[in-house]
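Quick one: the structure is below, and I'll ask about it shortly.
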4 protein chains.
Amino acid sequence: MLEGMRSERSRRAVLDATFEIAARKGYTGLTIEAVAASAGVGKPTIYRWWQSKGVLALDAVNDRMGQSRDFPDTGDIVADLTHQANLVIEQLRGDAGTVFRGVIGAAQSDPDLAAAVRETILAPRISKCSDRLARAVAAGELRPDVPLYNMVELLYAPIYYRMLLGSADLSPHLTRARIEYTLQGLRPRP
Amino acid sequence: MLEGMRSERSRRAVLDATFEIAARKGYTGLTIEAVAASAGVGKPTIYRWWQSKGVLALDAVNDRMGQSRDFPDTGDIVADLTHQANLVIEQLRGDAGTVFRGVIGAAQSDPDLAAAVRETILAPRISKCSDRLARAVAAGELRPDVPLYNMVELLYAPIYYRMLLGSADLSPHLTRARIEYTLQGLRPRP
Amino acid sequence: MLEGMRSERSRRAVLDATFEIAARKGYTGLTIEAVAASAGVGKPTIYRWWQSKGVLALDAVNDRMGQSRDFPDTGDIVADLTHQANLVIEQLRGDAGTVFRGVIGAAQSDPDLAAAVRETILAPRISKCSDRLARAVAAGELRPDVPLYNMVELLYAPIYYRMLLGSADLSPHLTRARIEYTLQGLRPRP
Amino acid sequence: MLEGMRSERSRRAVLDATFEIAARKGYTGLTIEAVAASAGVGKPTIYRWWQSKGVLALDAVNDRMGQSRDFPDTGDIVADLTHQANLVIEQLRGDAGTVFRGVIGAAQSDPDLAAAVRETILAPRISKCSDRLARAVAAGELRPDVPLYNMVELLYAPIYYRMLLGSADLSPHLTRARIEYTLQGLRPRP
DNA sequence: TAGTAAACGAGACGGTACGTCACGTCTTACC
DNA sequence: GGTAAGACGTGACGTACCGTCTCGTTTACTA
């Protein structure tokens, strides 16, 4: 997407319209036609740059959520993970989370979209988290025999479970306790 | 409303056709029209009994997955949970899991369907698991101060995370180790 | 339709409901389902006694319009025809005319219905008119060499033309003049 | 709205398919779906350009019947009217007449369609006929005190009556005699 | 007077067509 | 030369009625 000014203007309008419609009417109410109309853009222009409604919405989500941030490293692994987890929860509770849920939903029957979700959203964040956990392992705070990826999963899976299948809203309320339980199981054997 | 013989015949044909089409062509390829045609049933008959494609597919999934089973209780909580988790994983790897994934996907932008998923699929299974964990708490094997529902989440969230967001296929491979880590954090303080 | 009280009660309710619905919502808005619901009668009961929506509506029209009346014979053929024509026009301008128009419309692509219309509505009236014209012929007021049926047509066709194809409402306004012109052409050659 | 090449191709295919289906299966057997399928056109394309089945069929009729023709003027008013009436009868006896009957039938419960029938079919023909009659009045062949529109009605109403309500087929057999009777009543008083 | 067969109300059923929506492609006109 | 605009063929949507088919339930006649 290296095109000239015209293209860039369209790109912005399309992403903004996509996000706004998806947030307001839900992923189901998001249609290419509505985006085109709302963005003042022709449908073929959208199809030229985005393969499907799913990747379009994913692009809009990424556009809003921004890059994944580096983990803090205060030396306190529980505090650092809790802090970061709460940031994620906060983000998922907003409009971006709503749209993201829709994208994940669509990805359940669209492998290409699922791969794109993993690559553009999950992978960078998993990577950042792994880095921090690696330092904790090096510091002797966590067992060295559990693959980092599995640790990340244990920590984040409950958040996604709540978002995708939970009856109650996501809440940062018990994050710290949960992370403590989880890390308890990942500490080196005494 | 009495469901006479014809109704029951139709119901069976519709659920079977739904499951078969959803498994073969994916949730996206599942259409009411195709179900009606394949089941030899009129579309209005489907709409009469099922509110949406989502609840129809959910019904078909429930029809195939059957009732949730009681947990075994061998006295070994790790073994019992591992056994049951592997049964769940096995089920989710089959056609029922494929269709179920599609239903969960659709539920991301359909609150009614989400509620139905929780009520008909998750709640009974959570309840059975909670019962087993309660006995473990009573036996002093697990901390009494963590709500049972949270324990269940910690145990099952990674499975659903893998199914819905994971890059690799679900596999029962490391289930036991994972459950050991998790329970480690839930044991009573020494 | 020789059945007992039950049948007769249903017959009345069905004919009344049919007429009322057809008058209020137009022939297009008349459905067997609505008639059944409004008459408090099962659909099969209607299908048992009436072959189609068309003959049902025709029955309702006949029920309301009543039998054709004998022509007056004052000795003044112009006055008698004018009087009778105005009665017909009056009837066609009311609800019965509205429903009748719908029936005639349906009869355009339903030969059975067309035949029924001719037999139950037109034929008796044509017959009565022919009788009066026959007396006028016998009295030397009209040419004997024009078939009576053709005379009737010349007299009544303009009324039906107005009803079925006219832009203005039917009106008795110029009936007398029109009949005078018409009869002028049917008088014996001087 | 510009009708480009594709539009025109579709328009032709739709009108042809409409006429052909209506002629073969009757107005009742004419469905938008069948037209779309037979014309190789999408249903929305038909709904985009035609408001209803009725106006579509009317368009098809007009397409086949062509423009109304000017009346001949041989100086013999009876001959001219007879000639033209026979042309009309001939046209109404063909497929166009069959379809036209269906349209008129539908117009009985569709005021918009009725108006369209009058405007596109009847009005131009009435106008042409009126012109010829006006010349006959000017030539002293017909009474000047009868509105031309009423004269036209007297002349054509029997044809439409036969088509819409008659038991026998339309036939040009007695046209001349009928017109002579009718004009007899419209001649100037001696 | 009780028993029974019909006709009944109700309404689900397999269908057909409806008119609409959004899809993704393609063409035209403009800038 | 790329773009907005939007018509196109396609196909599924969810709805309205169709005419048929059980269902019990009256109800009026028969025994």
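Lettering follows sequence order; numbering is per chain, from 1.
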Notebook entry, point to check: Is there side-chain contact between C/I32 and C/Y47, with at least one heavy-atom pair below 4.5 Å?
Noted result: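 Yes, side chains in contact.
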Can I get a per-line list of side-chain donor-acceptor pairs under 3.5 Å for residues 15-31 of chain B, giving both atom names and the distance, sequence neighbours left out?
{"residue": "B/D16", "atom": "OD1", "partner": "B/R12", "partner atom": "NH2", "Å": "3.1"}
{"residue": "B/D16", "atom": "OD1", "partner": "B/R64", "partner atom": "NH2", "Å": "3.4"}
{"residue": "B/T18", "atom": "OG1", "partner": "B/V14", "partner atom": "O", "Å": "2.7"}
{"residue": "B/E20", "atom": "OE1", "partner": "B/R24", "partner atom": "NH1", "Å": "2.7"}
{"residue": "B/E20", "atom": "OE2", "partner": "B/R24", "partner atom": "NH1", "Å": "2.4"}
{"residue": "B/T28", "atom": "OG1", "partner": "A/S109", "partner atom": "OG", "Å": "3.3"}
{"residue": "B/T31", "atom": "OG1", "partner": "B/A34", "partner atom": "N", "Å": "3.0"}

Item checked: Whole-Å gap separating P (E/dC18) and CH2 (D/W50) ->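 Checked: the CH2 to P distance equals 15 Å.
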Check: A/W49 side chain N/O closer than 4.0 Å to the phosphate oxygens (OP1, OP2) of F/dG2?
Finding: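 For F/dG2, neither OP1 nor OP2 has a side-chain N or O of A/W49 closer than 4.0 Å.
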Next item on the list: Using atom CZ of D/R9 as one end and atom P of F/dA7 as the other, report the distance to the nearest whole Å.
Entry: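 Taking atom P of F/dA7 as the reference, CZ of D/R9 is at 18 Å.
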Check: Rounded to the nearest 0.5 Å, how far does CG of C/L58 lie from CD of C/Q51?
Finding: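 Answer rounded to 0.5 Å: 11.5 Å.
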Next item on the list: Round to a whole Å and report the spacing from CD of D/E8 to P of F/dC8.
Entry: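 In whole Å, F/dC8 P lies 11 Å from D/E8 CD.
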Note to self: Once side chain to side chain contact (heavy atoms under 4.5 Å, CB included) is applied, do any residues pair with C/E119, and if so which ones, sequence neighbours excluded?
What the structure shows: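 C/E119: side chain to side chain contact (heavy atoms under 4.5 Å, CB included) contacts with C/A115.
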Checklist line | Short side-chain N/O contact to E/dA7 OP1/OP2 from C/S10, under 4.0 Å | finding: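 So the side chain of C/S10 is outside the cut-off, no N or O lying under 4.0 Å from OP1 or OP2 of E/dA7.
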Margin query: What residues from residues 105-112 of chain A pass a heavy-atom cutoff of under 4.0 Å to DNA chain E?
Written below: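 Correct list: empty, so none.
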Check: Residues two or more places apart in sequence or in another chain: which of them pass salt bridge (Lys or Arg N to Asp or Glu O under 4.0 Å) with D/K53?
Finding: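 In terms of salt bridge (Lys or Arg N to Asp or Glu O under 4.0 Å), with neighbours along the sequence ignored, D/K53 is linked to no residue.
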Item checked: Length of the NZ-P vector between B/K53 and F/dA12, whole Å ->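 B/K53 atom NZ is separated from F/dA12 atom P by 11 Å.
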Notebook entry, point to check: Is any side-chain N or O of C/S52 closer than 4.0 Å to OP1 or OP2 of F/dG19?
Noted result: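 So the side-chain polar atoms of C/S52 never come under 4.0 Å of the phosphate oxygens OP1 or OP2 of F/dG19.
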Check: Distance-only, no hydrogens or angles: does the D/Q108 side chain make a donor-acceptor pair with backbone N or O of C/V103 under 3.5 Å?
Finding: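 No.
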Check: When rounded to the nearest 0.5 angstrom, what distance separates CE in B/M163 from CG in A/L165?
Finding: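 Those atoms lie 7.0 Å apart.
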Note to self: Give the residues of residues 24-48 of chain D touching DNA chain F, defined as any heavy atom closer than 4.0 Å, sorted by residue number.
What the structure shows: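 Those residues whose heavy atoms fall under 4.0 Å from DNA chain F, taken from residues 24-48 of chain D in numerical order, are D/G40, D/V41, D/G42, D/K43, D/P44, D/T45, D/R48.
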Notebook entry, point to check: Of all residues at least two apart in sequence or in a different chain, which pass the side-chain hydrogen bond (donor to acceptor under 3.5 Å, both in side chains) check with C/E33?
Noted result: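 C/E33: side-chain hydrogen bond (donor to acceptor under 3.5 Å, both in side chains) contacts with C/K43.
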